[in-house]
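Chain identifiers are assigned alphabetically (A, B, ...) following the order of the sequence lines, protein sequences preceding nucleic acid strands; residue numbering begins at 1 within each chain.
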2 protein chains.
Amino acid sequence: MAENMVELNLDLGNFFSRHAGQSPRPRCPAPFLLKTYDLLEEGGAEEDGSKIVSWNSEGTGFVVWSPAEFSELTLPRYFKHNNFSSFIRQLNTYGFKKTSSKRWEFQHEKFQRGCRHMLVDITRKKREPSVFPSYLKSSSEENATMTSNSTEESKDYHELLMEENKNLKKERLELQTQIAECKSLQMKLLDCLSQFMDKHQNKVRKTC
Amino acid sequence: MAENMVELNLDLGNFFSRHAGQSPRPRCPAPFLLKTYDLLEEGGAEEDGSKIVSWNSEGTGFVVWSPAEFSELTLPRYFKHNNFSSFIRQLNTYGFKKTSSKRWEFQHEKFQRGCRHMLVDITRKKREPSVFPSYLKSSSEENATMTSNSTEESKDYHELLMEENKNLKKERLELQTQIAECKSLQMKLLDCLSQFMDKHQNKVRKTC
DNA sequence: GGGAATATTCCC
DNA sequence: GGGAATATTCCC
């Protein structure tokens, strides 16, 4: 059914959110999420009636009933690979949780049957770009000061600093513009003055 | 011929170079380079004798004679896509240069016919992980102060951010001072002008 | 050409 | 599960 769907879902229209600082919510969901959702809608029922992958009974998550067939048959129709582990890696990247030890079931609060629109609320876990390679970081908690106020509500230190810096740069640009205008006006005034000088050379030499 | 070669060239054994800081030379070349080299060895001669892609006559670079066929036939046998532009992007990442405006010819000092072993000397241009999003960077060099003591060893994210923040505030103060001086000078000039006006009211009314 | 986001791979 | 390198895409 979705034979030619693999190359669709180009995320055109992400442009506006991309360079907008703290994009609060992208206009369209990540391709990975759309493909995973669509792959479930399609169902993938086998000839014998068994399923390869499907929503769980409540529609609050999904189950890969046959990882082998899922990898060989389903994945390459939606992605550029047929590795179950790469699929899992993506699920983790987007914050899905494995919710059963007995079967391959995954859930995400915002990934629900019938709620394709909610996918926009699912974002990648952002690894904040650190200057230090992770293997040089101390694993102990001596850095606790940095993460002290733990509530995820308030913007963290980085974001606040970055936001202030962004504003400062904007302000700098405005000030530089002001200075340019100032200097331009100065030139005009000086021109004007020199014209006076020329015309009233003798009389006004010592006025200023 | 190379039907099943696509998934080979896994870079096992790169472990030792990976976590070693400035890995001086990886044990094996990047998959992209091996594939590109191999794809040239294979040749890709057409039925009619024309070539899709080949080494140049000196063996110092290669030419894609038919981008369309190269994209449709060659690329997907070695890579997970059939986009010429993605291939070009990779060439740029590894420092290849387009060496002709008339045909799709590319060269890299270390990419020579018969020298598969030299591929280990070709490395990705490393975007050194910058703390600041590029769209916040001033394009001019006014921030030179920030990278003054250039040794990349010290300073983490917070420190860099705070330092930039501090510098921005200092800069703001300087700009504000400049503006104040500018305005002060303007006032003087205007004063001066008005004195002229007063003194030569009748004569010079239309000079400016 | 290249920056940066997302995808895929590899390893811990 | 997740860090990090490489690959692919998208945009400037």
Out of [options], which has the shortest distance to the side chain of [X]?
| X | options | result |
| --- | --- | --- |
| B:Lys98 | C:dT8, C:dG1, D:dT6 | C:dG1 |
| B:Gln90 | D:dA7, C:dT8, C:dA7 | D:dA7 |
| A:Lys80 | D:dG1, D:dT9, D:dT6 | D:dT9 |
| A:Asn92 | D:dA7, D:dG2, C:dT8 | D:dG2 |
| B:Phe32 | C:dG2, D:dA7, D:dT8 | D:dA7 |

Please check if any side-chain donor atom of [X] sits under 3.5 Å from a side-chain acceptor atom of [Y], or the reverse.
| X | Y | result |
| --- | --- | --- |
| A:Trp65 | A:Ser50 | no |
| A:Arg89 | A:Ser85 | no |
| A:Thr60 | A:Gln112 | no |
| A:Glu41 | A:Trp55 | yes |

For [X] and [Y], indicate whether the former's side chain and the latter's backbone hold a donor-acceptor pair under 3.5 Å.
| X | Y | result |
| --- | --- | --- |
| A:Lys98 | A:Ser100 | yes |
| A:Lys80 | B:Lys80 | yes |
| B:Arg124 | B:Ala30 | no |
| B:Asn56 | B:Glu58 | yes |

Measure from [atom1] on [X] to [atom2] on [N] and round the result to the nearest Å.
| X | N | atom1 | atom2 | result |
| --- | --- | --- | --- | --- |
| B:His81 | C:dT8 | NE2 | P | 13 Å |
| B:Leu34 | D:dT6 | CG | C1' | 13 Å |
| A:Phe79 | C:dT6 | CZ | C1' | 12 Å |
| B:Lys125 | C:dA4 | NZ | P | 14 Å |
| B:Lys35 | C:dT8 | NZ | C1' | 11 Å |
| B:Leu33 | D:dA7 | CG | P | 8 Å |
| A:Leu91 | D:dG2 | CG | P | 12 Å |
| A:Ile88 | C:dC10 | CD1 | P | 16 Å |

Handout entry: Interface residues of residues 60-70 of chain A with DNA chain D (non-hydrogen, below 4.0 angstrom)
Key = none
Practice task
Have a look at B:Tyr94 and say if it touches a base, only the backbone sugar-phosphate, or nothing, with a 4.0 Å heavy-atom cut-off.
Solution key: sugar-phosphate
Exercise for the section: Look at the rings of B:Tyr94 and B:Phe32 and say which category their plane angle falls in: under 30° parallel, 30 to 60° tilted, over 60° perpendicular. Expected result: parallel
Problem - Residues A:Glu42 and A:Arg77 bridged, charged N to O under 4.0 Å - result: yes
Practice task
Please give the angle, rounded to 10 degrees, between the axes at the start and the end of the helix from C:dG1-D:dC12 to C:dC12-D:dG1, where five pairs define each axis.
Solution key: 0°
Handout entry: Distance-only donor-acceptor test, B:Arg89 side-chain atoms vs C:dG2 base atoms, 3.5 Å
Key = yes
Handout entry: Short side-chain N/O contact to C:dT9 OP1/OP2 from A:Asn83, under 4.0 Å
Key = yes
